[in-house]
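Here's the structure, in structure tokens; my notes come after.
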Amino acid sequence: MMDASDMHQLTLTQIARGLADKAFSAEELTHALLARIERLDPQLNSFITLTPEQALAQARAADARRADGETGALLGAPIAHKDLFCTEGVLTTCGSKILHNFVSPYDATVVEQLASAGAVSLGKLNMDEFAMGSANESSHYGPVKNPWDLTRVPGGSSGGSAAAVAARLIPAATGTDTGGSIRQPAALTGLTGIKPTYGRVSRWGMIAYASSLDQGGPLARTAEDCALMLGAMAGFDPKDSTSVDQPVDDYLATLNKPLTGLRIGLPKEYFGEGLDGAIAEKVLAVVEELKTLGATIKDISLPNMQHAIPAYYVIAPAEASSNLSRFDGVRFGYRCENPADLTDLYKRSRAEGFGDEVKRRIMVGTYALSAGYYDAYYLKAQRIRRLIKSDFVSAFEEVDLILGPTTPNLAWKLGEKNADPVSAYLEDIYTITANLAGIPGLSMPAGFIDGLPVGVQLLAPYFQEGRLLNVAHQYQQVTDWHLRAPAGF
Amino acid sequence: MALERSEVEKIAHLARLGLNEADLPRTTETLNTILGLIDRMQAVDTDGIEPLAHPLETTQRLRADRVTETNRREAYQAVAPAVQDGLYLVPKVIE
Amino acid sequence: MQWETVIGLEIHAQLSTQSKIFSGSATTFGAEPNTQASLVDLGMPGTLPVLNAEAVRMACKFGLAIDAEIAEKNVFARKNYFYPDLPKGYQTSQMDHPIVGKGHLDITLEDGTTRRIGITRAHLEEDAGKSLHEDFHGMSGIDLNRAGTPLLEIVSEPDIRSAKEAVAYVKAIHALVRYLGICDGNMAEGSLRCDCNVSVRPKGQEAFGTRAEIKNVNSFRFIEKAINHEVRRQIELIEDGGTVVQETRLYDPNTDQTKAMRSKEEANDYRYFPCPDLLPVVIEQSFLDEVRASLPELPGQKRERFEREFGLSTYDASVLSASREMADYFEQVNATCSDAKLAANWVMGELSSLLNKEGLDIEQSPVSAEQLGGMILRIKDNTISGKIAKMVFEAMAAGEGSADAIIEKKGLKQVTDAGAIEKMLDEVLAANAEQVEQYRASDEAKRGKMFGFFVGQAMKASKGKANPGQVNELLKKKLEG
């Protein structure tokens, strides 16, 4: 039997092997990780809710299923969900005061699928309020700290997911990515994270920020673990009209495909002004490594990339302003004390229940959709969206994969960008184009600068998640950045 | 184009967000900074470009007309702030 | 000054699907509050809509029936506003790309003239819930059972020129949706609701006046009264030097007044944008062909056929085709008796007043179409007179069986034996010898009226059973002789 004090070191893939070999039980593993979370999470604040009893019950059920002869890589695997996936009977806050008391009456499809694969959910992970943020500082439940440097942010909005996995509290977590919310925190905490093609993972039960951009996906230490998670999360869901009815590829089966002949495009716009020079070096080092693995490199251009941020900050807030209207203090969630009348009920419940960043984006979105401004803002942004999509479509006629930095900067200090929200918005520059176009993107560790992780981003054509995971896995066979653990964890 | 204080108040009302009088100048300033960022779009030539509403340009799937839901009022109202006789309560609605 | 009224109507028809437009909840009317409100209907966080195929099919049926263009691609949009009966804070509706485009509907007025009313568009949307204002300690109670019920909003052109035309148009839409089987038309339960946009302008002026919208009028009678009241109000206002303001008003049937709605005072800015949770709906030509093939004979087509085949007047034909049930009944009566004119007279006359009096729909008629047809057969073969037929009809209505059984049981068979009639007439003339003298002394002009007296006496004496034709003929002979 394996020593409980080492179990947290295991990747999902190693856990699967350990459980299959009966090196330990799911229940033992769950106990060990729950204890570790209790001990270490107070420094990080990565969990909003821990569900030890449910977790142990699920773990015992997984052990029983295995005893009955069932196999399956996720059977008994401990994970946790970003707190915007609805979990029946468990608090689901979306990082907001307005849902401080919302015990969901139903499960998200992603939650259901992972549970039926046998995954054990340990709890709900902290996040930027309503997934709006790049630093995980807008949560009503307090900021999350980066395990690599507790004075720095872990990125956002899936900051709790990233911090918990990076700190080895759990081997993998769910996240969501609307403008980079999986890839950016993965980059800032040294993880692998994938945002699938829009429509690949069901949005049923995933509380919406911007419906046409949101997509769920996993964060884990390795590409192989991401493949394992994504295989269980992805799939057609008749409850989501935007879900795509197309079989899910066997991501594990293609992980070991050689990269010979793979054409990688380097967009010149990703290496221009605004990129930290040291990060650029790390990214180019990855390119060199991939060349030795057989890839060929081509310089390409995505000329409309620079317009992505303004377009995104119209489309996302516009959709959000409407999506968040249901939080009105009537059927669920926070309601202000003693409302004088209906308008007062709405205005105070929402003003007291939402944080500043959420209110800002609701206001921006409301303005962009309001009479007289719709064409100049919303339609204009949608036209730019098409230009951005067209850039990718043309680029993918010449290359199989696009590579660049995930973020222009390393993890910044807590509070550093609070005064100027726009400076934080600019951090999304490399990630949001994939959301606007709907293509899949992956971030993987590419080394360290001053002890802080650097991420490299891979983008692929629609439904080519398998290709992204394959390239990341091959890279991770010849490098060990993804195996490094932050000191103290 | 900069927002005036009165426009901010109007937007907040449309969005049913109570505004704190003291925060109004700061809110107005922040919104104007964001709108400044957004206004960079106006320089892009988008003549003749069709707006793109969904990344995947697919079409709506239709559901068969079948009743699949059962009464779960009790579970759904367990999270409600105020209910009586199965109804959600709100301050008096004026027509 | 001469004023002209301009009316445009927005009719909301609840589509009679089994389940809601975006969820699998039942749409049954009258369930306990919030027992038919699912996660989607309640706007629970994380829930998503999936479109009901039947709602799309029903909208297409309507579009084809009004000869409208069905958009190959239609798009759902969100109409954003806060109201407690609107759980998501937006109504999923259609704005720039409705499913049904421009069409038209012909209406028949009481004088038999026909007018064509343009229909601008019809679009799919979800219904809202209901606010109940009974006292919950100063609070309102919200029932979301109705939230998400599919609606087809049918918008007319401002082609309507009077309250009567408005009612005729609503009745025609009502008939059409029921013919198509897409709406039960129950106005009392709110299945068909009407918003009336009313304005006035000096006769001859081209530009429209400022309009007021009267919301949610829920009966044919109230539509007429509400419009008439609103027209009067606007004319008086203008003639007194005032101006009409664009606003939403409510009609109160108790006071027969319209009054401005307080809650809608502020100018709304609905911030419509395409719903990102729904994709464009594509209508294939093959689907439309299939829907077209499934269309029943429509009221207009039926009316024309009734005129053509049966020689009925436009007005009679339009009354009889006004509802599918009425038309089916009429056709069954006609099939039994093979006399369309008599069938039409009886259905529109005695039967309609009976149903009116009893407050019954034609499907609930105590006299079946076969019974009525059977009775008309007896009129045609002279077994009974029209007058006796009324007695037979009443007996049938009281559940006393078929016409033949009633005639037999009550001995109502008409007397056609000339000898018997002569004998009876002789007795009548003998009993009224004085009047006979006077008749014979009078000139031709006066005789007409006096002749009626003898007919009356004769029919009375025969208890109405004597054949009126024979009575006339024989009486004339005897008096002249």
Side-chain angles (χ1 to χ4, degrees), chain B residues 1 3-4 6-19 31 34-35 38 41 46 49-95, chain C residues 17-20 22-27 31-42 44 50-57 73 75-76 80-85 89 129 131-133 136-144 250 261-264 266 269 271 273-274 276 278-282:
Chain B
M1 186 173 41
L3 286 178
E4 302 281 333
S6 63
E7 289 171 288
V8 174
E9 284 174 333
K10 199 189 122 203
I11 297 164
H13 177 67
L14 273 176
R16 297 297 185 273
L17 288 170
L19 273 184
L31 287 179
I34 298 170
L35 291 177
I38 290 171
M41 277 193 321
T46 54
I49 308 292
E50 266 298 292
L52 178 70
H54 287 95
L56 300 179
E57 290 172 272
T58 49
T59 60
Q60 180 63 32
R61 203 174 47 247
L62 303 179
R63 176 177 64 79
D65 182 24
R66 269 200 310 274
V67 175
T68 52
E69 298 292 327
T70 51
N71 174 21
R72 290 192 60 203
R73 184 172 78 182
E74 207 176 317
Y76 298 160
Q77 292 195 338
V79 295
V83 287
Q84 188 184 316
D85 306 335
L87 297 160
Y88 293 97
L89 292 190
V90 295
K92 199 124 192 137
V93 176
I94 299 158
E95 284 192 330
Chain C
T17 51
Q18 297 298 305
S19 63
K20 291 186 179 177
F22 298 123
S23 82
S25 301
T27 53
E32 282 291 300
N34 293 309
T35 56
Q36 288 176 176
S38 67
L39 292 167
V40 171
D41 311 322
L42 294 170
M44 282 283 179
V50 185
L51 181 58
N52 185 337
E54 193 56 25
V56 173
R57 167 185 289 273
K73 194 164 158 179
V75 176
F76 282 93
N80 294 284
Y81 64 98
F82 285 86
Y83 212 62
D85 64 11
S131 308
L132 305 171
H133 309 303
F136 298 97
H137 308 284
M139 309 280 271
S140 290
I142 308 296
D143 175 11
L144 297 170
L250 272 183
M261 278 173 83
R262 273 201 285 166
S263 60
K264 306 269 174 174
E266 58 191 69
D269 183 343
R271 291 158 284 134
F273 76 108
L278 291 162
L279 299 161
V281 182
V282 169

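This is a predicted model, so every value here is computed, not measured. Lettering follows sequence order; numbering is per chain, from 1.
Of the N and O atoms on the side chains of C:S38 and B:R72, not one donor lies less than 3.5 Å from an acceptor on the other residue. In the model, C:T17 has no side-chain atom that pairs as donor or acceptor with a side-chain atom of B:D65 under 3.5 Å.
Heavy atoms closer than 4.5 Å to chain B are found in both the backbone and the side chain of C:A26. Within the 4.5 angstrom heavy-atom criterion, no atom of C:K73 approaches chain B. With a 4.5 Å cut-off on non-hydrogen atoms, C:F22 touches chain B through its backbone but not through its side chain. Residue C:P280 touches chain B through both its backbone and its side chain, counting heavy-atom pairs closer than 4.5 Å. For a residue to count as touching a neighbouring chain, one of its non-hydrogen atoms must lie under 4.5 Å from one of that chain's; by this rule C:Q18 touches chain B with backbone and side chain alike. Interface residue C:T35: backbone and side-chain heavy atoms are both found under 4.5 Å from chain B. Looking at B:V83, there are no atoms closer than 4.5 Å to chain C (heavy atoms on both sides), in backbone or side chain. Only the backbone of B:A15 comes within less than 4.5 Å of a heavy atom of chain C; no side-chain atom from C-beta onward does.
Per-residue heavy-atom pair counts under 4.5 Å with chain C were compared for B:D85, B:V79, B:N71, and the maximum is reached by B:N71. Counting heavy-atom pairs closer than 4.5 Å to chain B, the top residue among C:V282, C:D143, C:L39, C:V56 is C:L39. By number of non-hydrogen pairs under 4.5 angstrom with chain C, the leading residue of B:T58, B:V90, B:T70 is B:V90.
Separating the CZ atom in B:R16 from the OH atom in C:Y81 is a distance of 12.0 Å, to the nearest 0.5 Å. Distance check, rounded to the nearest 0.5 Å: NZ of B:K10 to CG of C:D269 gives 6.0 Å. To the nearest 0.5 Å, the span separating CZ on C:R57 from CG on B:L62 amounts to 10.5 Å. For the atom pair B:I11 CD1 and C:R271 CZ, the distance stands at 10.0 Å (nearest 0.5 Å).
Counting only heavy atoms from C-beta outward, the side chains of B:Y88 and C:L42 approach each other to under 4.5 Å. Residues B:R66 and C:S19 have side chains not in contact (no heavy-atom distance under 4.5 Å, counting atoms from C-beta outward). Residues C:Y83 and B:V93 form a side-chain contact, since some pair of their non-hydrogen atoms from C-beta on lies under 4.5 Å apart. Here the side chains of B:R63 and C:S23 are not in contact, with every heavy-atom distance at 4.5 Å or above. A 4.5 Å side-chain heavy-atom check between C:H137 and B:Q84 finds at least one atom pair inside the cut-off.
Pairing each heavy atom of C:L279 with each of B:L56, the nearest pair is CD2-O, 4.5 Å.
A donor-acceptor pair is defined here as one N or O able to donate and one able to accept, closer than 3.5 Å; no such pair exists between the side chain of B:Q60 and the backbone of C:V281. Side chain of B:H54 to main chain of C:L278: a donor-acceptor pair is present (N/O by atom type, distance under 3.5 Å, no hydrogens or angles).
Environment of CD in B:E74: sparse, with no more than 12 heavy atoms of neighbouring residues, nucleotides or ligands closer than 6.0 Å.
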